[in-house]
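Heavy-atom basis, side chains included; hydrogens, waters and symmetry copies ignored. Residue numbers count from 1 along this sequence.
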Amino acid sequence: MTPKLPVARFAISVLSAALLLAGCATPPAGRAPLHLTILHTNDHHGRFWTNADGEGGLAARKTLIDAVRAEVAAAGGHTLLLDGGDVNTGVPESDMQDAEPDFRGMDRLGYDAMAVGNHEFDKPPAVLAKQRGWIGFPMLAANIYRGGQRMFEPYRIFERGGYRIAVMGLTTDDTTKMVLPDNLRGIEVRRPIPEAAQLVPQLRTQADMVIAATHMGHYPDGQRGVNAPGDVEMARAVAGLDLVVGGHSQNPVCMLAENLRNEAYLPGMPCAPDRQNGSWIVQAHEWGKYVGRADFVLDGGKVELLTYRLLPVNLLLRQADGTKRLAAAAIDQDPATRGLLQAFQIAGQGKLTATVGSADGVLDGDRVRVRRQPTNLGKLIARAMMDRTGADLALINAGGVRDSLPAGAISYRDVLKVQPFGNTVGIVDLSGAELLAYLQAAAKMTPASGGFAQTAGVRMTIVGGVLQQAEVGGQAIDPGKRYKLALNNFTAVGGDAYPPLNTHPGYVDTGYNDADVLRAYIAAHSPIKVADFDPGDAVVRR
């Protein structure tokens, strides 16, 4: 367990006299104050098992959460466990089993509710229906409709210690841009803020505390770029929310967040969440690296935050000498939870050897050639990224291609040899002028370097390392038009000396694992005809 540290007290007088007069629930006389601990996670993305370094995993998360529950109960308090959505997509062993280990594992951990994330629609509707059947807690989304009716519960009210806590779910309306249209057929994702504005006044008459479990993203000061409005904008627009438990942007939301992975941060140190219009906004990074802990006191019509912390789950910190150490005391894995999940881990490992498709020839990822010239495998990978994201063109650094794919049967393990890093696919909306500048940087990448560009959807003419001409869709790039470029997150953050694009307001990390994107493309287009991916004159160097 994380050592106890001095408590920072952040007083909140959320329910003003004006709100009480407006019809908020009148507390019964004589109730003792409620000590309520909200535990939360978000953006799990298939991490039911520990990673190669032993970090995270649901079995250790179970131990940590149970310890906090026991501590809180011993002090006479109560707990509520929430998730900000995106259980799906990110790890092959999970993806190939429709995230069954993740949902069943979360059910075992005793989650009370979760927001619906955009990645909950990555699979066909029948899979989502199965996932809802694997859990005994509700998926919440007030703004998702099917046939004119809400598809999910809009909210759930929980009773704790004689107090009523309302939890409302909301999902980003960018979901329609991030999900295959077939998976949303007949489904409408409405703007979350109007839905919240309608529901929150109702919930204030029914509950002593109102929480929004959201999958909308936290964008500091509401600077969201091309993204749909997130938690900050909602909290500013809708009065009466006590707490927003978020997800989607996959960042830790608290002061000191910039120090979470270096020596300046004491694990478990209290920090302040964002504060907007009387509402606290929290988010616990991603992948189960942390469990967020917010300790409240409810007393009559008053809600007070005592302390907020991010509790690491066997997280390793890199030290100055390059070694790693645990951020806090090691957390044992709960044996029963590990036993449940181990069967899925073994089954997932077995599925890696299964055939996912075939090719009528070798797809060339030879280290020497792929770093010096366009290859059919480079084009296949880039085409798969375009297909999954709807981008106009795609680029992958040659250093991200680590092996060839054989002629004949192709297994998922073969795919993972090609793309072993677990990168995700991003998409960025650029003006033609910005795209030309980016391709100019790609043109400067010297042959034999890891930055050499493998592409699809674009034809470039390069003379002496200088981009002379670039065409997308057979037409010269128009500086005044807009184009969607797909790339992996390694390149997006400036890897291999590419200009960083992850901070561009038009950038979105889809969360799709690059190897899974390639696997799905091969499965859908097999048998792969190698001639269809001849790079031809995709890049002309003179």
Trace of the ring-ring contact (aromatic ring centres under 6.0 Å, His included) decision for Tyr163 with His78:
CA-CA 11 Å; Tyr163 287 75; His78 297 263; 9.4 Å; no
Determine, step by step, whether Arg190 and Glu188 satisfy the salt bridge (charged side-chain N to carboxylate O under 4.0 Å, His left out) criterion, reporting the C-alpha distance in whole Å, the side-chain angles of both residues, the deciding distance to 0.1 Å, and the verdict.
CA-CA 6 Å; Arg190 298 183 183 177; Glu188 179 186 5; 3.3 Å; yes
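Partners of Arg132 under the side-chain contact (heavy atoms from CB on, under 4.5 Å) rule, at least two apart in sequence or in another chain, are Leu128, Met139, Met151, Phe152. With sequence neighbours excluded, the residues that form a side-chain contact (heavy atoms from CB on, under 4.5 Å) with Val313 are Ala60, Leu64, Val291.
Partner Phe296 forms a side chain to side chain contact (heavy atoms under 4.5 Å, CB included) with one of Thr37, Ile165, Leu243 and no other, that one being Leu243. Each of Lys324, Arg318, Lys289 was scored for a salt bridge (charged side-chain N to carboxylate O under 4.0 Å, His left out) with Asp53, with one residue passing: Lys324. In summary, of the residues considered (Thr424, Ile427, Asn489), a side chain to side chain contact (heavy atoms under 4.5 Å, CB included) with Thr510 occurs for Ile427 alone.
Within the 3.5 Å criterion, the main-chain N or O of Phe121 finds a donor-acceptor partner in the side chain of Asn183. In terms of modelled atom types and a separation under 3.5 Å, the side chain of His119 and the main chain of Asp122 share no donor-acceptor contact. Judged by distance alone, with hydrogens and angles left aside, the side-chain atoms of Lys123 form a donor-acceptor pair with the main-chain N or O of Asp95 at under 3.5 Å. Remark: side-chain polar atoms of Gln97 are not paired, donor with acceptor, to backbone N or O of Ser94 under 3.5 angstrom. Judged purely by atom type and a 3.5 angstrom limit, Asp299 has no side-chain atom pairing as donor or acceptor with the backbone of Lys302. A donor-acceptor pair under 3.5 Å is absent between the side-chain atoms of Asn227 and the main chain of Val508, judged by distance alone.
Within the structure, side chain to side chain donor-acceptor pair (under 3.5 Å) contacts touching residues 490-500 (residues at least two apart or in different chains) are Asn397-Thr491, Asn397-Asp496, Asn488-Thr491. Under the salt bridge (charged side-chain N to carboxylate O under 4.0 Å, His left out) criterion, the residue pairs touching residues 163-174 are Asp174-Lys177, with sequence neighbours excluded. Each salt bridge (charged side-chain N to carboxylate O under 4.0 Å, His left out) pair with one or both residues in residues 503-519, not counting sequence neighbours, appears once here: Asp516-Arg519. Applying the ring pair (Phe, Tyr, Trp, His ring centres under 6.0 Å) test to residues at least two apart or on different chains, the pairs with a partner in residues 197-253 are His215-His248.
Thr41 and Tyr111 form a side-chain donor-acceptor contact under 3.5 Å, judged by distance and modelled atom types alone. Side-chain polar atoms of Asp334 and Thr63 form no donor-acceptor pair below 3.5 angstrom. Asn118 and Glu120 are not linked by any side-chain donor-acceptor pair at a separation below 3.5 angstrom, with hydrogens and angles left out of the test. Checking Thr337 against Arg108 by side-chain atom types alone, a donor-acceptor pair falls below 3.5 Å. Side-chain contact of Gln131 with Asn88: a donor-acceptor pair under 3.5 Å is present, judged by distance alone. A donor-acceptor contact under 3.5 angstrom links the side chains of Glu195 and Tyr145, judged on distance only. Between His40 and Gln283, the side chains place no donor N or O within less than 3.5 Å of an acceptor N or O (distance only, hydrogens not considered). A donor-acceptor pair shorter than 3.5 Å can be found between the side chains of His45 and Gln250. Side-chain N/O atoms of Asn277 and Ser279 include no donor and acceptor closer than 3.5 Å.
Within the 4.5 Å cutoff, the side chain of Arg236 has heavy atoms near those of the Val232 side chain.
Nearest approach of Pro270 to Thr307, heavy atoms of both residues: CB-OG1, 3.4 Å. Tyr483 and Ser431 get closest at one heavy-atom pair: CD1-C, 4.5 Å. Residues Leu341 and Phe48 come closest through the heavy atom pair CD1-O, 3.5 Å.
Atom CG of Leu326 and atom CD of Glu55 lie 8.5 Å apart (nearest 0.5 Å).
Salt bridge annotation for Arg160-Asp112: present, with a cationic side-chain nitrogen under 4.0 angstrom from a carboxylate oxygen. Under the 4.0 Å criterion applied to side-chain N and carboxylate O atoms, Arg204 and Asp242 are assigned as salt-bridge partners. A salt bridge does not link Arg104 with Asp102: none of the charged nitrogens is closer than 4.0 Å to a carboxylate oxygen. With salt bridges taken as basic N to acidic carboxylate O contacts below 4.0 Å, one links Glu153 and Arg156.
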